[in-house]
There are 2 protein chains.
Amino acid sequence: MGTSVFFFGDGRAEGDPKRRDLLGGKGAGLAEMTSLGLPVPPGFTLSTEVCNAFSRTRRMPDEVRAGVDAALTRLEKAMGARLGDTSAPLLVSVRSGARASMPGMMDTVLNLGLNDAVAEGLAARSGSPRFAYDAYRRFIAMHASIALGLSKEPFDRALDDARGRVAVTKGIDRTRLNAEELKRAVPDADIPVEELRALVPAFKAIVKKETGEDFPGDPREQLWQAIEAVFASWNNHRAVVYRKMHDIPDDWGTACNVQAMVFGNLGDTSATGVAFTRDPSTGEKVLYGEWLPNAQGEDVVAGIRTPMPLRSQGGARASESLEVRMPEAYRELDRIAGTLERHFRDMQDLEFTIQDGRLYMLQCRGAKRAARAAVRVAVDMAREGLITKEEAVLRVDPGGIDQLLHPTLDPHAPKKVLARGLSASPGAASGHIVFNADEAERRAGQGKPVVLVRVETSPEDIHGMKAARGIVTARGGMTSHAAVVARGMGKPCVAGVSAVAVNYESQTMTVTLYDDAGLPTGNVTLKKGDVITIDGGTGHVYDGAVPTVSAALSGEFGELMGWADAGRTTRVRANADTPLDARTARAFGAEGIGLCRTEHMFFDEERIQAMREMILADDATGRAAALAKLLPFQREDFVGIFREMRGLPVTIRLLDPPLHEFLPTETRQLEELSRSMGVPVAKLAARTRDLHEFNPMLGHRGCRLAITYPEIYAMQARAILEAAAQVAGEGVEVHPEIMIPLAITRAELERTRAIVDHVAAELAAGGKKVPFAFGTMIELPRAAILAAQLAEVAEFFSFGTNDLTQATMGLSRDDAGKFLPAYVDSGILPKDPFVSVDQEGVGALVKMAVERGRSARAKIKLGVCGEHGGDPPSIGFFHGVGLDYVSCSPFRVPIARLAAAQAALRAKGQNGGLGTA
Amino acid sequence: MGTSVFFFGDGRAEGDPKRRDLLGGKGAGLAEMTSLGLPVPPGFTLSTEVCNAFSRTRRMPDEVRAGVDAALTRLEKAMGARLGDTSAPLLVSVRSGARASMPGMMDTVLNLGLNDAVAEGLAARSGSPRFAYDAYRRFIAMHASIALGLSKEPFDRALDDARGRVAVTKGIDRTRLNAEELKRAVPDADIPVEELRALVPAFKAIVKKETGEDFPGDPREQLWQAIEAVFASWNNHRAVVYRKMHDIPDDWGTACNVQAMVFGNLGDTSATGVAFTRDPSTGEKVLYGEWLPNAQGEDVVAGIRTPMPLRSQGGARASESLEVRMPEAYRELDRIAGTLERHFRDMQDLEFTIQDGRLYMLQCRGAKRAARAAVRVAVDMAREGLITKEEAVLRVDPGGIDQLLHPTLDPHAPKKVLARGLSASPGAASGHIVFNADEAERRAGQGKPVVLVRVETSPEDIHGMKAARGIVTARGGMTSHAAVVARGMGKPCVAGVSAVAVNYESQTMTVTLYDDAGLPTGNVTLKKGDVITIDGGTGHVYDGAVPTVSAALSGEFGELMGWADAGRTTRVRANADTPLDARTARAFGAEGIGLCRTEHMFFDEERIQAMREMILADDATGRAAALAKLLPFQREDFVGIFREMRGLPVTIRLLDPPLHEFLPTETRQLEELSRSMGVPVAKLAARTRDLHEFNPMLGHRGCRLAITYPEIYAMQARAILEAAAQVAGEGVEVHPEIMIPLAITRAELERTRAIVDHVAAELAAGGKKVPFAFGTMIELPRAAILAAQLAEVAEFFSFGTNDLTQATMGLSRDDAGKFLPAYVDSGILPKDPFVSVDQEGVGALVKMAVERGRSARAKIKLGVCGEHGGDPPSIGFFHGVGLDYVSCSPFRVPIARLAAAQAALRAKGQNGGLGTA
């Protein structure tokens with residue numbers, strides 16, 4: 001451990017503000033502000049290394065004790081006051097401050113240094129016994145809670161008793177008020193000094209009773225207790241959970257800042273507040289924030305007093321603004337805000353205190369901001385010349401902009417929450433409840449907005465999902481059929497709402513209601529036609545219609561995306577199965593289609609019939625006859641898509657799922673099919689049984705179908721190439737790419753290529769010559785391992801990382817819901833590997849396949865079309881291993897464009913081109 | 001292409017007999033015999049390179065034409081005869097001869113060089129017009145069939161017509177005889193010369209009619225047609241299929257041998273025959289074979305005349321023996337046999353012809369032999385000093401000795417085949433048909449031999465499979481449950497008998513019968529109690545009881561295994577789940593247990609109940625109570641196994657399969673369980689539904705169970721360690737190895753290790769300290785990729801190559817039956833990857849894991865416990881990548897010992913230690 005205690009004050013700071021890893025965010029900010037000559041109360045920072053050492057040994061190293069003693073001496077000198085001195089007492093705050101912001105997650109002790117004698121001294125020196133005893137009683141309660149680990153409750157009760165006594169003097173019947181009302185009736189400011197003074201022995205008695213020991217009167221002992229408590233708080237439950245959620249490593253540790261107190265509660269010329277250098281909701285360039293006169297920092301967030309605006313502009317409360325009430329302090333704050341923003345070249349979040357009219361800065365840090373604001377701030381700053389356009393691109397979290405691309409609930413509208421599930425696909429929607437896909441389609445056809453509610457969805461529900469405004473399922477996770485399809489459609493979906501019990505027979509859903517503590521409080525039953533609203537971004541289901549606000553892409557957003565595209569090298573395509581999908585994708589800036597799944601095309605009513613005839617045919621002739629019926633449909637699909645994507649490549653994956661997915665599963669459906677096909681139910685049932693698979697994921701699917709039934713791929717190849725010829729004949733540029741799923745051997749590609757080539761040769765003989773590319777998915781480990789062999793036949797690879805994840809990790813995403821959450825929660829896996837690609841396992845195979853594929857065919861085109869193609873960290877990984885493009889659902893295309901740009905800019909930065917990554 | 005035509009004759013051969021790759025087996029043998037000074041008719045060999053060149057271009061290179069001309073000139077000189085010469089005609093044979101023996105797979109033309117004039121000349125020179133025209137008519141038919149591609153049928157018909165005319169002269173009514181009977185009534189020798197002479201124009205007319213061209217009269221043209229036909233035969237369908245079956249590369253090509261004809265059909269001082277230098281069935285060191293006087297080679301195999309024994313010894317036919325009839329030739333043959341065996345240092349298969357009392361050798365090659373003979377020959381030759389012990393070990397095919405370890409059907413007993421399925425588990429057994437496991441157990445308990453017949457088996461049938469002598473299933477492949485379990489038990493099994501329809505209700509099975517052409521001819525229904533016999537080595541199901549012969553391991557076998565063990569470095573363990581398995585394994589030489597599956601232990605009636613209670617428990621307490629019931633059973637199992645395996649390591653895999661495998665699936669069983677547990681059927685059904693998985697292979701199983709239900713592994717760890725402590729207390733050395741299934745992260749191993757360590761610490765505190773090893777299966781690609789991380793916790797790896805194959809290739813072995821056969825038949829995959837490990841895909845992951853595992857823990861113990869552990873080529877691979885041991889079913893332990901020894905000896909050979917691999 002190097003230097004462990006860093007002093008700041010008098011315009012100089014020992015610590016290097018760039019060493020956030022050592023000083024923590026708060027300590028670095030204090031050091032920076034001090035160095036900039038801003039008014040910061042002096043103090044010192046114990047480094048994160050001390051935290052780690054203390055976590056390991058539960059003891060404070062001797063060198064740290066010596067360092068604190070030395071720093072304290074300097075602090076006392078700077079302040080002209082001493083800890084425990086009764087005539088010139090020094091009070092300090094002790095606060096945690098980690099490398100990454102963990103708001104509200106860790107602990108703080110204020111006013112440390114008080115004991116009976118010092119309190120008397122402070123009363124004398126400040127001329128305000130009320131101030132002194134208010135500080136003293138706050139300190140005892142805070143220190144007891146944070147450093148001694150006691151509950152706050154007995155202290156609050158004692159304080160309420162005091163309030164009660166005051167209430168009586170005001171003629172208020174306190175027995176009729178609850179604690180909250182009492183607090184409003186008798187605010188802290190109304191508690192007279194005698195009551196405050198009387199609280200001290202009462203609080204000390206509580207401590208004695210609970211701990212068996214006296215409250216520490218020695219300010220040094222107080223200081224060490226508080227420092228150790230701050231370090232210990234790094235491992236408290238809240239902090240551990242927060243770190244897990246935000247991917248913060250446990251070994252970062254927190255720093256601890258000891259700083260001279262300044263007081264915003266010394267009377268009406270004192271105040272405290274928080275400020276943002278720009279509006280964190282909109283990004284507008286105005287000083288934004290709140291303040292309270294005669295208050296300590298904790299009062300601003302406590303919610304008892306209503307904080308007042310900083311700026312006078314705009315509205316009824318101009319007279320309450322800091323700008324009007326304390327114009328000089330306001331101007332100083334505004335000036336400092338500008339200085340800090342220019343210095344840090346980013347929007348800042350500030351804490352300040354005004355003591356006797358003098359402004360002190362207590363904290364500055366990069367400000368959290370809404371996605372909309374992030375975009376505007378980044379673009380504005382680039383326009384202002386504060387940052388480069390590249391930096392602007394790097395400033396916006398790609399994951400966050402999702403909410404800018406979907407309608408959202410009107411934040412001001414009243415809402416009644418019914419239940420909560422997984423936020424499976426973002427966006428908000430209202431509609432009448434329907435319980436099956438056909439009904440959804442019918443009602444939507446009549447112009448009624450509907451929300452489809454199912455226990456879970458299956459491919460047979462696709463038309464209903466298309467027709468519905470939103471989807472709710474009672475079962476299933478983030479990667480359930482409903483979630484995956486809804487995200488692909490850009491449609492709101494709340495999945496796995498376990499409180500909902502669906503009854504298809506009675507066409508009702510019963511929702512168990514819960515209180516805040518998670519205990520059931522009753523239930524409510526909704527029937528078909530009732531209206532609900534869902535927010536797929538939060539996972540909430542609301543009763544009735546809640547108004548929604550459409551997504552409006554502001555001008556800044558478009559500008560930022562333009563800058564992103566300029567910095568980007570990885571191309572972005574979309575997964576799109578229909579002309580409508582294709583149009584949406586293109587509107588969002590897709591540079592091609594990376595995955596067009598042909599199987600979804602077979603679920604329309606008139607097609608599924610022919611599909612089933614094909615599957616149930618006894619021989620190749622019967623199959624060919626059924627396939628001939630499907631050919632015109634398929635061709636028509638592709639014509640539409642090729643037209644939409646004029647000039648851009650379209651990768652079409654030939655049939656992939658096992659055939660049993662197309663067969664009806666319910667007896668009633670079987671009977672219907674039997675009637676319409678004129679085939680006995682028994683035969684249909686037998687064939688269905690024949691096709692049953694124990695592990696369909698690893699079964700007879702993908703190109704394995706074409707090895708046993710080559711005529712299927714022949715029909716699909718013909719549909720693609722005929723459509724391409726037709727559209728090319730219209731003068732439209734067409735780039736079809738035919739993709740083979742699930743290959744694991746070169747021979748499979750040779751044989752499927754022969755099927756396609758044969759069709760192409762036939763068409764060419766008829767004068768319809770269409771150039772096309774031939775490639776394969778890489779979605780099984782063997783394909784990655786043998787990528788060099790596959791690349792001898794395939795002109796492109798598209799990584800199907802969904803299936804590759806399933807096979808590599810042995811995880812079925814349909815089944816993983818039973819244990820995957822436990823794996824992620826307990827940290828066995830860092831993230832859901834279906835959301836963000838498992839870089840060390842699955843990613844290693846991707847990397848291997850890239851290297852081996854390129855070794856065999858230097859110019860092979862490489863992309864990814866799994867859902868990871870829309871996940872920013874995964875996109876960064878794919879950029880790093882050198883893929884040519886990522887492909888994702890149309891609604892995630894802007895996210896992918898931004899993430900890809902950031903990956904490129906970061907890589908450039910690492911190579912010395914850019915310093916701000 | 002280097003020299004392409006190699007002459008042999010007059011005691012010298014141009015070709016190097018070691019270059020079988022160039023000369024083919026036959027050509028090399030002829031060269032070798034010529035060099036040894038043995039009587040070989042001269043000739044020349046066109047190399048395999050010519051075949052490859054011809055296959056590519058369909059043209060014969062000019063240099064080859066020149067080479068043949070030159071060689072032919074030498075041949076004519078050596079024979080003092082010339083091709084097409086009427087006074088001294090040279091006749092030649094033209095035969096294929098590939099590098100590896102492909103018996104009957106390729107084509108031969110004899111007597112080439114005849115035309116009308118030459119035939120007259122031959123008649124004159126030989127003094128036997130009959131001989132000349134017999135040769136001529138044979139040649140035309142053979143050449144027409146082989147070189148011109150005509151059907152044999154019209155030639156046979158013309159010959160039969162001639163026979164018919166002869167029959168009439170003998171007073172036989174030919175209309176009452178079929179072709180076969182006619183052939184016996186009028187053998188070739190009875191056809192007079194006029195008829196033979198008359199066949200020539202008749203045969204020529206057939207050729208003219210079928211081809212539109214005259215039969216070639218120019219012997220040179222005949223020669224080139226025959227040579228090209230031999231080369232073309234390399235790619236005929238039979239040959240391609242044979243190569244696929246025997247792993248012979250397509251690009252080896254065949255050589256073509258042109259050799260002066262000698263004639264065994266020149267009268268009673270001429271003869272032809274085949275000989276083995278030892279008895280190919282028993283391995284006994286005696287000259288063994290058959291001969292026919294006055295015959296050409298093809299007559300011996302044609303089956304019209306019954307060949308006679310070579311040796312006089314033993315039996316009724318001594319007077320027919322070559323030893324008695326032509327003692328000089330016999331002695332010469334016996335001397336040559338000895339010479340060749342000493343020269344080749346292996347048992348030889350010889351073809352010879354005696355022309356006018358003079359012996360000619362036409363072929364010698366390594367002899368195919370039965371497994372029993374292979375063992376005896378190898379051991380005898382080593383004892384004789386002919387080969388080393390190491391060579392003896394290398395001489396025996398490990399795959400072949402399987403049949404020495406199981407009972408076999410009496411080859412002399414009459415049998416009636418009912419149906420044929422897959423040879424799923426070797427051995428033969430007879431018994432009464434039973435259709436369910438309980439009945440099997442009951443009847444077997446009454447001492448009746450039973451054969452269990454099921455549509456397919458499941459884990460609930462285990463007790464019935466144990467009780468049965470053999471198992472038949474109507475569905476399922478080589479890796480179905482029935483096949484895998486039966487092999488594990490060393491019990492005969494015929495699986496996937498598609499001709500069998502089982503009716504559980506009527507307790508019958510209906511077998512569809514087929515004729516030789518594969519057309520159904522009717523069916524037969526067998527009922528419970530009827531007797532059938534199965535041969536799991538051939539896949540046949542026979543009607544009634546067929547007597548069986550027990551496996552007797554001869555003394556030679558034991559001796560050979562001893563030599564094998566001396567040369568072996570890879571250890572061999574067995575997969576064994578019970579004390580009985582363990583005893584069998586030890587008897588077969590297992591050096592430990594590599595896989596003890598604990599789940600099979602839970603299927604006994606009294607245990608499955610507790611298991612189900614555990615699964616259906618509502619909480620950890622309920623689970624713990626049920627587990628407490630299982631603990632004594634588990635402990636008892638392990639006590640038994642540890643005692644059997646005293647001193648040897650025992651690897652125990654903790655619970656692996658998904659829990660739903662233990663729940664009943666049929667309504668009746670659910671109802672029974674409901675009654676016995678006092679839990680409503682609805683609740684049981686709901687829980688069963690909850691546990692249902694779409695892809696159980698990739699679901700909630702393996703150590704994932706322990707992450708969600710740690711108490712299961714805690715119970716198992718306790719059972720293992722308590723059992724070990726108990727047995728150690730008896731003074732028996734115990735080496736438990738606790739193995740975690742399905743791990744993909746280090747964290748899983750850390751947590752499961754913590755569970756085991758906790759139990760171990762508790763026992764140690766109670767004075768029962770047992771050392772144990774802790775390790776993991778490597779059975780998913782991610783585990784292989786992250787092997788270095790896993791090795792930080794695991795002290796050993798055991799490759800579960802069954803599951804690793806499934807995940808790496810995306811192949812469910814339960815479902816692959818629908819397409820895997822097509823994949824193997826059409827050559828997309830070289831072999832069934834569940835039988836022989838996919839070296840380039842799955843094997844690459846094994847290799848990676850070995851390297852990474854050792855990099856993290858140099859002394860990590862590495863083994864394999866998938867079924868590949870008993871497959872000789874796979875064992876060779878595992879030896880190559882450096883595994884410490886393989887583990888296989890007890891009955892395959894000797895095979896694995898031999899295969900492992902061969903792998904080690906071959907590796908040593910490659911390093912210069914041994915030259916005969």
Side-chain angles (χ1 to χ4, degrees), chain A residues 658 690-705 707-708 742 744-748 750-751 779-786 789 803-820 822-823 826-830 833 838 840-845 848, chain B residues 658 690-705 707-708 742 744-748 750-751 779-786 789 803-820 822-823 826-830 833 838 840-845 848:
Chain A
D690 273 359
L691 287 172
H692 169 265
E693 294 184 310
F694 294 101
N695 291 286
M697 173 66 213
L698 310 175
H700 194 184
R701 50 172 287 236
C703 64
R704 296 165 189 174
L705 294 170
I707 299 301
T708 43
L742 215 71
I744 53 173
T745 67
R746 180 176 46 199
E748 288 166 322
E750 286 165 349
R751 292 185 197 210
E779 50 187 336
L780 287 172
R782 192 181 202 271
I785 296 166
L786 297 183
Q789 292 186 15
D803 280 8
L804 190 59
T805 298
Q806 297 197 81
T808 305
M809 306 183 80
L811 276 182
S812 155
R813 52 177 195 169
D814 292 320
D815 302 310
K818 294 201 185 71
F819 55 91
L820 197 52
Y823 265 61
S826 67
I828 296 178
L829 289 174
D838 161 40
E840 23 177 35
V842 176
L845 285 176
M848 179 190 291
Chain B
D690 273 358
L691 287 171
H692 169 265
E693 294 185 311
F694 295 100
N695 291 286
M697 173 65 212
L698 311 175
H700 194 185
R701 50 172 287 237
C703 65
R704 295 164 189 175
L705 294 170
I707 299 301
T708 44
L742 216 71
I744 54 172
T745 67
R746 179 176 47 200
E748 288 166 323
E750 286 165 350
R751 293 186 195 210
E779 50 187 337
L780 287 172
R782 193 181 201 271
I785 296 166
L786 297 182
Q789 292 186 14
D803 279 7
L804 190 60
T805 299
Q806 297 197 84
T808 304
M809 306 184 79
L811 277 183
S812 156
R813 54 177 196 171
D814 291 321
D815 302 311
K818 295 200 185 72
F819 54 92
L820 198 52
Y823 265 62
S826 67
I828 295 178
L829 289 174
D838 162 39
E840 17 175 42
V842 177
L845 285 176
M848 180 190 291

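The chains referred to below are lettered A, B, ... by the order of the sequence lines, with proteins before strands, and numbering in each begins at 1. Only heavy atoms go into these numbers, but all of them, side chains included; no hydrogens, no water, no symmetry mates.
For Leu698(A), the parts lying under 4.5 angstrom from a heavy atom of chain B are both the backbone and the side chain. For Leu705(B), no part lies near chain A; criterion is any non-hydrogen pair under 4.5 Å. Residue contact with chain B, scored on non-hydrogen atoms closer than 4.5 Å, is absent for Leu820(A). Of the atoms belonging to Ala844(A), it is side-chain heavy atoms, and not backbone ones, that fall under 4.5 Å from chain B. Only the side chain of Ile707(A) comes within less than 4.5 Å of a heavy atom of chain B; its backbone N, CA, C and O stay farther away. With a 4.5 Å cut-off on non-hydrogen atoms, Ile744(A) touches chain B through its side chain but not through its backbone.
In terms of modelled atom types and a separation under 3.5 Å, the side chain of Asp815(B) and the main chain of Phe694(A) share a donor-acceptor contact. Looking at Gln789(A), its side chain never comes within 3.5 Å of a backbone N or O of Leu786(A) through a donor-acceptor pair. Remark: side-chain polar atoms of Asn695(A) are not paired, donor with acceptor, to backbone N or O of Ser812(B) under 3.5 angstrom.
Using a cut-off of 4.0 Å between Lys/Arg side-chain N and Asp/Glu carboxylate O, Arg701(B) and Glu693(B) are scored as not salt-bridged.
With chain A as partner, the option from Glu750(B), Arg751(B), Arg746(B), His692(B) having the largest number of non-hydrogen pairs under 4.5 angstrom is Arg751(B). Highest contact tally toward chain A, considering only Lys818(B), Arg704(B), Met848(B), is held by Arg704(B) [criterion: heavy-atom pairs under 4.5 Å]. The candidate from Ile828(B), Asp803(B), Leu691(B), Leu780(B) with the greatest count of non-hydrogen atom pairs under 4.5 Å with chain A is Ile828(B). Chain B forms the most heavy-atom pairs under 4.5 Å with one residue out of Gly810(A), Gly841(A), Ala807(A), and that residue is Gly810(A). With chain A as the partner, the residue from Gly827(B), Ser826(B), Ala822(B) showing the most heavy-atom pairs under 4.5 Å is Ser826(B). The candidate from Asp838(A), Asp690(A), Thr808(A) with the greatest count of non-hydrogen atom pairs under 4.5 Å with chain B is Thr808(A).
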Determine whether Leu811(B) and Phe819(B) satisfy the following criterion, side-chain contact (heavy atoms from CB on, under 4.5 Å), listing intermediate values before the conclusion.
CA-CA 10 Å; Leu811(B) 277 183; Phe819(B) 54 92; 3.3 Å; yes
Kindly determine whether His700(A) and Thr708(A) satisfy side-chain contact (heavy atoms from CB on, under 4.5 Å), including the steps that lead there.
CA-CA 9 Å; His700(A) 194 184; Thr708(A) 43; 2.8 Å; yes
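Closest of all the heavy-atom pairs between Arg813(A) and Gln806(A) is N-OE1, 2.9 Å. The two residues Leu804(A) and Pro781(A) make their nearest non-hydrogen contact at CD1-N, 3.7 Å.
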